[in-house]
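Please read the structure below before turning to the comments.
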Amino acid sequence: MRIATFNINGIKARLPRLLEWLDETRPDVACLQEIKTSDETFPIKDIEGAGYGAIWHGQKGFNGVAILARGDMPVEVRRGLEGEPEDEHSRYLEADVKGVRVASIYLPNGNPQPGPKFDYKLRSMERLRRRAAEIWADEVPAVLAGDYNVIPRDVDTFSVKAMADDALMQPESRAAYRRMLNDGWTDAIVSRHPAGGVWTFWDYQANSWPRDAGFRIDHLLLSPAAADRLIDAQVDKDFRGREKASDHAPTWVELRPA
């Protein structure tokens, strides 16, 4: 069972690339972020034509998350994170798919820091941690997949110096991510690539893709029941080099059947 996360950076602008990726790799579950479309304009017909059922939590022009299931329909569990009723950003969607609890997550970038955007980032990470604890208590196989906007370790970036002042790499951001690992969640990519050097994002600026000047901010955290079934975790890096590609590459885990 392959579960992937993919920050698509605009589902309508990248729809050909998304359909291409779905056709070529056939993930069982695909968690999308930054769909940047309203609920009414989500391209469901195209997704269904590719053989996927879908649920989505849209927002016009910004944010937005979705969960796609090959030959199946995700059963929605939660839409949005509790803790800030005034928060209207579409950043979290959770569903049961093929016997696994799956969340599609788009955490705030947090720049510039310090400031209110960084404070919102840290609060969002704590709200996610609280929801993760509730999922943990259910003792179900679970995958928390998405763009966390956190570079967890120095080996997860092409240049520590270049990213030193960025919200993605601040000690507070890293500590919030590490707290989830300390709660018992497994970072799937680290489990297969402990030495690092694996990127999931390359900026459109500064010739980042040709220079391989990337970093890792897209993560899949596994509950113990999912981690016990882990076969592999990788990045579909080549898709970042396609024409009019997202600035993120799809990242995935493969789990043994239950």
Side-chain angles (χ1 to χ4, degrees), residues 1-8 11 18 21-22 25-35 42 44 47-48 50-58 63-82 90-107 124-125 127-148 177 180-181 183-189 191 200 217-236 248 250-258:
M1 181 179 184
R2 181 172 292 196
I3 300 172
T5 182
F6 191 4
N7 181 321
I8 195 65
I11 194 169
L18 173 61
W21 171 68
L22 291 173
T25 68
R26 307 301 289 166
D28 296 285
V29 182
C31 298
L32 306 181
Q33 300 86 39
E34 280 202 276
I35 60 174
F42 184 85
I44 185 58
I47 299 300
E48 290 175 341
Y52 286 78
I55 59 173
W56 59 94
H57 184 23
N63 305 320
V65 287
I67 299 175
L68 282 51
R70 182 159 57 90
D72 204 352
M73 178 58 68
V75 178
E76 184 173 324
V77 174
R78 182 179 292 267
R79 178 173 295 242
L81 291 168
E82 293 181 346
S90 299
R91 293 183 175 274
Y92 185 86
L93 191 60
E94 184 184 320
D96 287 325
V97 191
K98 303 177 187 287
V100 178
R101 179 71 53 83
V102 176
S104 183
I105 300 160
Y106 178 50
L107 287 172
S124 298
M125 295 187 74
R127 290 161 63 198
L128 173 61
R129 185 187 178 206
R130 289 198 297 267
R131 179 56 192 159
E134 294 173 347
I135 296 171
W136 179 281
D138 290 340
E139 297 183 351
V140 294
V143 179
L144 308 183
D147 178 357
Y148 283 66
Y177 186 80
M180 293 191 66
L181 301 184
D183 288 340
W185 296 88
T186 295
D187 185 324
I189 289 291
S191 73
T200 66
I217 55 176
D218 302 274
H219 309 307
L220 300 110
L221 299 189
L222 312 183
S223 70
D228 286 346
R229 293 165 52 184
L230 178 62
I231 298 172
D232 201 6
Q234 302 293 341
V235 179
D236 287 336
H248 295 249
T251 307
W252 51 265
V253 295
E254 205 160 85
L255 306 180
R256 294 183 186 86

request  = Flag the pair Pro27 / Leu22 as yes when at least one side-chain heavy-atom distance between them is below 4.5 Å, and no otherwise.
outcome  = yes
inquiry  = Would the distance check show the side chain of Arg101 and the main-chain N or O of Val140 forming a donor-acceptor pair, the cut-off being under 3.5 Å?
reply    = no
query = When rounded to the nearest 0.5 angstrom, what distance separates CG in Leu221 from CE in Met180?
reply = 5.5 Å
ask   = Rounded to the nearest 0.5 Å, how far does CG of Leu222 lie from CG of Leu255?
value = 6.5 Å
query = Can Ser191 and Leu230 be said to form a side-chain contact (heavy atoms from CB on, under 4.5 Å), step by step?
reply = CA-CA 9 Å; Ser191 73; Leu230 178 62; 3.2 Å; yes
inquiry  = Is any side-chain heavy atom of Leu220 closer than 4.5 Å to one of Thr251?
reply    = yes
request  = Quick one: pull up OG1 in Thr5 and CD1 in Ile105 and give me the separation to the nearest 0.5 Å.
outcome  = 8.0 Å
request  = Report the distance from atom OG of Ser104 to atom CG of Asn7, rounding to the nearest 0.5 Å.
outcome  = 9.0 Å
inquiry  = Taking Asp218's backbone N and O only, do any of them form a donor-acceptor pair with Thr200's side chain (distance below 3.5 Å, no angle check)?
reply    = yes
request  = Please confirm whether the backbone N or O of Leu107 pairs with a side-chain atom of Ser124, one donor and one acceptor, at under 3.5 Å?
outcome  = no
inquiry  = With a 4.5 Å cut-off on side-chain heavy atoms, are Val100 and Val29 touching?
reply    = no
inquiry  = Run the side chain to side chain contact (heavy atoms under 4.5 Å, CB included) test against Arg78 and tell me which residues pass, sequence neighbours left out.
reply    = Glu82, Tyr92, Glu94, Arg131, Glu134
request  = Starting at CD1 of Ile135, measure out to OG of Ser223 and round the result to the nearest 0.5 Å.
outcome  = 9.0 Å
Side chain proximity check, Ile217 to His248, heavy atoms < 4.5 angstrom = yes
Main-chain N/O of Leu81 paired with Arg127 side-chain donor or acceptor, under 3.5 Å = yes
Show every donor-acceptor pair shorter than 3.5 Å between a side-chain atom in residues 66-75 and any protein atom, with sequence neighbours excluded, or say none if there are none.
from  : atom 1 : to    : atom 2 : distance (Å)
Arg70 : NE     : Arg26 : O      : 3.4
Arg70 : NH2    : Asp28 : OD1    : 2.9

remark   = Tightest non-hydrogen contact, residues Ile44 and Ala54, listed as CD1-CB, 3.9 Å
task = Answer whether the closest heavy-atom distance between the side chains of Ile189 and His219 falls below 4.5 Å.
result = no
query = Taking Arg229 for the side chain and Arg256 for the main chain, is one N or O donor matched with an acceptor at less than 3.5 Å?
reply = yes
ask   = CH2 of Trp252 to CG of Asp232: how many Å apart, nearest 0.5 Å?
value = 4.5 Å
message = A side-chain contact here means heavy atoms from C-beta on lying under 4.5 Å apart; do Pro224 and Trp185 qualify?
response = no
message = Less than 4.5 Å apart, side chain to side chain, heavy atoms only: is that true for Gln33 and Phe6?
response = no
key: Closest non-hydrogen atom pair between Ala188 and Ala233, with its separation   = O-CB, 3.5 Å
